[in-house]
Structure formats: structure tokens, C-alpha cells
Amino acid sequence: MKTLMAVAGCLLCLCLAGTSGRTPAQGEKRKREHYHAVAFRMGGAGATPSVDLYIDSYTTNEEAKRLSGMLLDSGPDALLKALADGKRKGKITLTGRVGFYDFKLVRSWPTETGRRIIAVGDRPITFLETYNSTRSKDYNFGILMVDLTKDKKGKEKGEGVLIYAAKVKLLEGNKLDIENYGINPVRLMGVRQLK
């Protein structure tokens with residue numbers, strides 16, 4: 001629960017403090033970032049699959065301000081539609097498999113020990129979710145938070161959290177409530193930069 005609240009606080013910063021993120025300098029060419037991690041479902045037993053996180057680009061301050069304004073003025077559904085219509089900035093996949101989902105909003109902030117990446121996407125709703133009209137289809141955001149530090153070779157490593165299926169609600173006073181579908185989010189362990 002503590003981790004979920006930290007993610008909720010970070011998403012609030014992501015959406016409302018559009019100017020605090022780091023983006024490449026104008027004209028700077030960035031290489032695609034690739035990270036690998038083991039996904040561990042907190043509070044649950046079973047397999048621990050590997051995931052790959054790819055970051056192609058970061059959301060600019062201007063884009064972040066526009067999206068935060070959309071969220072505050074028109075609510076989560078408007079933000080979800082904007083994300084669905086937006087260009088992919090990155091993605092997360094199960095290692096060795098095609099697809100999972102795309103991130104349309106990706107930001108990075110410096111921390112005392114390295115940096116924090118937060119990514120938000122519109123989670124694709126599967127055919128079975130729609131057909132069976134399950135409650136999960138109301139949880140259509142995906143939210144990722146990863147804290148990274150650099151090792152002696154200059155490669156980034158760390159850990160993070162993935163809320164695979166989230167519902168975002170706007171409360172009074174411009175506060176966000178983020179509800180996870182399920183008991184706990186997925187913990188990403190042993191995050192390491194591959195390139």
C-alpha cells in the first residue's frame with residue numbers, strides 16, 4: 001500500500017508539475033533506452049516473468065502541461081483519450097513475447113541517488129474483458145515508476161513498480177486517487193540497463 005501511495009504521489013507530480021521533468025536538449029539525439037527486470041507480484045504466488053522496458057523518447061514540458069490541463073479541466077476520460085491518440089514514447093513487454101502495452105507519457109526526474117522514470121499509458125482492453133464485461137475493463141491506465149542509479153560502468157540499475165491496470169479519479173482540490181485492479185501492484189526487481 002505504501003508503494004502504491006508513492007506511485008500515486010509521483011503521478012500527481014507528473015501531471016501537475018509539467019516543468020519539473022527532464023527532457024533532452026533541443027536537437028539532442030537520444031538513443032533508445034532498454035531495461036530488463038523481473039516482475040514479482042506482491043502478495044501473490046506464482047511465476048515471476050521477465051519484462052523489458054523500452055524508452056524511445058520523453059514527453060516534453062509543453063506536452064506534460066497540456067495533458068495535465070486536460071486532466072484537471074476535463075477529467076481522466078479526456079486524458080485517456082489523449083493518450084490513446086498520442087504517439088508511443090516507450091513500451092513494456094514480457095520478455096520474448098510481442099506486445100503488452102505502450103506508454104504515451106514518459107518523464108524523468110533527477111533524484112539524490114540517480115533518477116526516477118514515470119510512464120503512463122492507455123492499457124488495451126482485451127476481447128475477453130469486453131466480452132465477459134469484467135470489472136477490469138474500467139481500469140484502463142497503466143502506470144510505471146522506476147528508480148535508477150548508475151553502477152561503476154555507468155549503466156543504470158534499480159527497481160520499480162508497475163500498476164498494470166489502474167483507475168484514475170480526480171478528487172476535490174486537484175488531488176488524484178489511483179486505484180489498482182487487484183490487491184497490490186507488480187514489483188519490478190533487478191531493473192538493469194541493457195543499452
Side-chain angles (χ1 to χ4, degrees), residues 4-35 37 51-93 99-111 114-125 138-148 156 158 160-180 185 188 191 193 195:
L4 185 57
M5 294 309 294
V7 172
C10 289
L11 180 62
L12 181 62
C13 291
L14 170 73
C15 292
L16 301 181
T19 59
S20 64
R22 180 184 69 76
T23 58
Q26 191 78 17
E28 179 185 337
K29 180 110 172 153
R30 287 195 60 95
K31 293 180 181 177
R32 182 183 209 201
E33 296 173 43
H34 180 193
Y35 300 89
V51 295
D52 287 292
L53 168 65
Y54 299 91
I55 299 174
D56 301 321
S57 63
Y58 288 90
T59 303
T60 65
N61 292 332
E62 293 74 24
E63 288 176 282
K65 281 183 183 179
R66 182 181 64 81
L67 291 170
S68 71
M70 193 173 293
L71 173 63
L72 294 174
D73 295 341
S74 305
D77 288 341
L79 176 61
L80 186 68
K81 182 175 182 339
L83 291 175
D85 293 341
K87 290 184 180 180
R88 182 179 92 181
K89 306 278 185 194
K91 68 178 180 176
I92 188 166
T93 65
F100 199 21
Y101 58 76
D102 294 338
F103 292 115
K104 310 291 181 65
L105 178 60
V106 181
R107 300 284 278 166
S108 175
W109 285 271
T111 63
R115 69 179 178 130
R116 172 172 285 169
I117 297 173
I118 298 180
V120 181
D122 55 314
R123 183 180 76 86
I125 305 301
D138 296 328
Y139 293 74
N140 35 27
F141 285 90
I143 303 168
L144 170 97
M145 179 182 80
V146 177
D147 286 316
L148 299 167
E156 291 181 305
V161 175
L162 172 67
I163 303 178
Y164 174 74
K167 183 190 286 187
V168 176
K169 295 177 190 171
L170 187 61
L171 307 175
E172 283 186 45
N174 294 337
K175 293 182 182 176
L176 291 179
D177 178 44
I178 299 172
E179 185 180 325
N180 178 47
L188 301 177
V191 177
Q193 184 179 14
K195 56 175 166 169

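What you see is a predicted model; the values in this text were computed from it and never measured.
- For the pair Lys91 and Tyr54, the cation-pi test (distance below 6.0 Å, angle within 45°) is passed.
- Considering only heavy atoms from C-beta on, Ile118 stays 4.5 Å or farther from Leu144 through its side chain.
- Residues satisfying the side chain to side chain donor-acceptor pair (under 3.5 Å) test with Arg66, not counting sequence neighbours, are none.
- In this structure the side chain of Ile143 never reaches within 4.5 angstrom of the side chain of Leu162, judged on heavy atoms.
- With sequence neighbours excluded, no residue satisfies ring-ring contact (aromatic ring centres under 6.0 Å, His included) with Phe141.
- Summarising the geometry of Phe103 relative to Gly121, their closest heavy-atom pair is CD2-N, 3.8 Å, with the distance given to 0.1 Å.
- Under the 4.0 Å criterion applied to side-chain N and carboxylate O atoms, Lys104 and Glu63 are not assigned as salt-bridge partners.
- To the nearest 0.5 Å, atom OG1 of residue Thr59 and atom CG of residue Leu67 are 7.0 Å apart.
- By the side chain to side chain donor-acceptor pair (under 3.5 Å) test, Gln193 is found to be paired with no residue, residues two or more places apart in sequence or in another chain being considered.
- For Ala84, the side chain to side chain contact (heavy atoms under 4.5 Å, CB included) partners at least two apart in sequence or on another chain are Asp122.
- In this structure a side-chain-to-backbone donor-acceptor pair under 3.5 Å is present from Ser68 to Lys65.
- Taking CG of Asp102 as the reference point, atom CZ of Arg88 lies at 5.0 Å (rounded to 0.5 Å).
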I'd like to know whether Leu105 forms a side-chain contact (heavy atoms from CB on, under 4.5 Å) with Leu83, so could you lay out the CA-CA distance, the side-chain angles of the two residues, the decisive distance to 0.1 Å, and finally the verdict. CA-CA 7 Å; Leu105 178 60; Leu83 291 175; 4.1 Å; yes

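- Under the salt bridge (Lys or Arg N to Asp or Glu O under 4.0 Å) criterion, the residue pairs touching residues 67-87 are Lys81-Asp85, with sequence neighbours excluded.
- Side-chain contact between Thr93 and Val51: absent, with no pair of heavy atoms (C-beta onward) separated by less than 4.5 Å.
- Counting heavy atoms from C-beta on, the side chains of Ser57 and Val106 never come closer than 4.5 Å.
- In terms of heavy-atom proximity, Ala82 sits nearest to Met70 at CB-SD, 3.3 Å.
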Would Ile163 and Ile178 satisfy side-chain contact (heavy atoms from CB on, under 4.5 Å), going step by step from the backbone distance to the final call? CA-CA 10 Å; Ile163 303 178; Ile178 299 172; 4.2 Å; yes

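- In summary, Asp56 and Lys89 do not engage in a salt bridge, as defined by a charged side-chain N under 4.0 Å from a carboxylate O.
- You'll find the side chain of Asn61 reaches within 4.5 Å of the side chain of Arg107, heavy atoms only.
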Please walk me through it: do Val168 and Leu79 pass side-chain contact (heavy atoms from CB on, under 4.5 Å)? CA-CA 10 Å; Val168 176; Leu79 176 61; 5.8 Å; no

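- Partners of Leu148 under the side chain to side chain contact (heavy atoms under 4.5 Å, CB included) rule, at least two apart in sequence or in another chain, are Tyr35, Arg115, Ile117, Val146, Glu156, Val191.
- Taking OG from Ser74 and CG from Leu170, the interatomic distance works out to 10.5 Å, rounded to the nearest 0.5 Å.
- A distance-only check finds no donor-acceptor pair linking the side chain of Arg116 to the backbone of Pro110 [under 3.5 Å].
- A distance of 6.0 Å separates OG1 in Thr111 from CG in Asp147, rounded to the nearest 0.5 Å.
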Please evaluate residues Tyr164 and Tyr101 with respect to the criterion side-chain contact (heavy atoms from CB on, under 4.5 Å), reporting the C-alpha separation (whole Å), side-chain torsions for both, the decisive distance (0.1 Å), and the verdict. CA-CA 9 Å; Tyr164 174 74; Tyr101 58 76; 3.4 Å; yes

